[in-house]
Amino acid sequence: DLSNRMNLSKNELVSEVHRYIQKHYDQKLTIDDLCRQFFCSRASLTRKFRETYHISIHDHICKVRLENGCRLLRTTTLSIGEIAFSCGYGDQNYFTRAFCRTYGLTPMQYRKKETRHLFDQDSNAQIDNSAQAHDKMGFHFHFRSTTNAAANNPAPIQLTAWRLIG
């Protein structure tokens, strides 16, 4: 793997860096760390990455982190702080500022907006609020509750958890 990274063409290099960011967005990532990881100069990596993806490495890391933050806001009940940490932000306030700058809403406003449509349907409908998530240890979770929208009367939440072994 080490010798492969040292012999990458510039196109292969930025493709590998792009994949690495997608996979490791939840960790501390700096351009200098990426240069050390992929044995390349800062100038050539940043130039080639921008030429290829039309975005800076820093902006791409932020974009990937915020997109994953949106996904977690829609599909989990994790706190904003837990989501910030899960997306590679060491500080909830920094996550919130970046989120507001990008989406024009706080993370909590986004969560409410994205889940509100579940309750704006037919007033007599049974609404199934389901979400699936998994943690870093490989545990998978499924959350489910139903709500009678007319009565706004939620049923108890059902939580199912399992871990795939194999």
> Would a distance-only check, ignoring hydrogens and angles, find a side-chain to backbone donor-acceptor pair under 3.5 Å from T102 to F99?
Replying inline: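 Such a contact is absent between T102 side chain and F99 backbone.
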> Has the side chain of R111 got a donor or acceptor atom that lies under 3.5 Å from a matching backbone atom of T106?
Replying inline: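 Looks like no, no N/O pair under 3.5 Å.
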> Should the heavy atoms of other residues, nucleotides or ligands under 6.0 Å from CZ of F85 be counted, would the total exceed 12?
Replying inline: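 Not more than 12 within 6.0 Å, no.
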> For the atom pair CD1 (I57) and CZ (R42), what is the distance rounded to the nearest 0.5 Å?
Replying inline: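 One gets 8.0 Å once the value is rounded to the nearest 0.5 Å.
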>> Checking L105 now: which residues fulfil side-chain contact (heavy atoms from CB on, under 4.5 Å) with it, not counting sequence neighbours?
In response: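 L105: side-chain contact (heavy atoms from CB on, under 4.5 Å) contacts with Q109, Y110, K113.
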> Mind checking what makes side-chain contact (heavy atoms from CB on, under 4.5 Å) contact with K28, not counting sequence neighbours?
Replying inline: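 Applying side-chain contact (heavy atoms from CB on, under 4.5 Å) to K28 gives T30, D33.
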> If you look at every heavy atom in F49 and V14, which pair is closest and at what distance?
Replying inline: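 Minimum heavy-atom contact is N-CG1, 3.5 Å.
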> Which heavy-atom pair separates A98 from Y89 by the least distance, and what is that distance?
Replying inline: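 So the minimum-distance heavy-atom pair works out to CB-OH, 4.0 Å.
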> When you check the side-chain N and O atoms of R65 and N68, is any donor under 3.5 Å from an acceptor?
Replying inline: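 No, no side-chain donor-acceptor contact under 3.5 Å.
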>> Between K63 and E67, does any NZ, NE, NH1 or NH2 come within less than 4.0 Å of an OD or OE carboxylate oxygen?
In response: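 Between K63 and E67 there is a salt bridge, with a charged N closer than 4.0 Å to a carboxylate O.
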> Is any side-chain heavy atom of L66 less than 4.5 Å from a side-chain heavy atom of C87?
Replying inline: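 They are not in side-chain contact.
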> Passes side-chain hydrogen bond (donor to acceptor under 3.5 Å, both in side chains), S15 versus E12? Steps please.
Replying inline: CA-CA 5 Å; S15 180; E12 292 169 328; over 6 Å; no
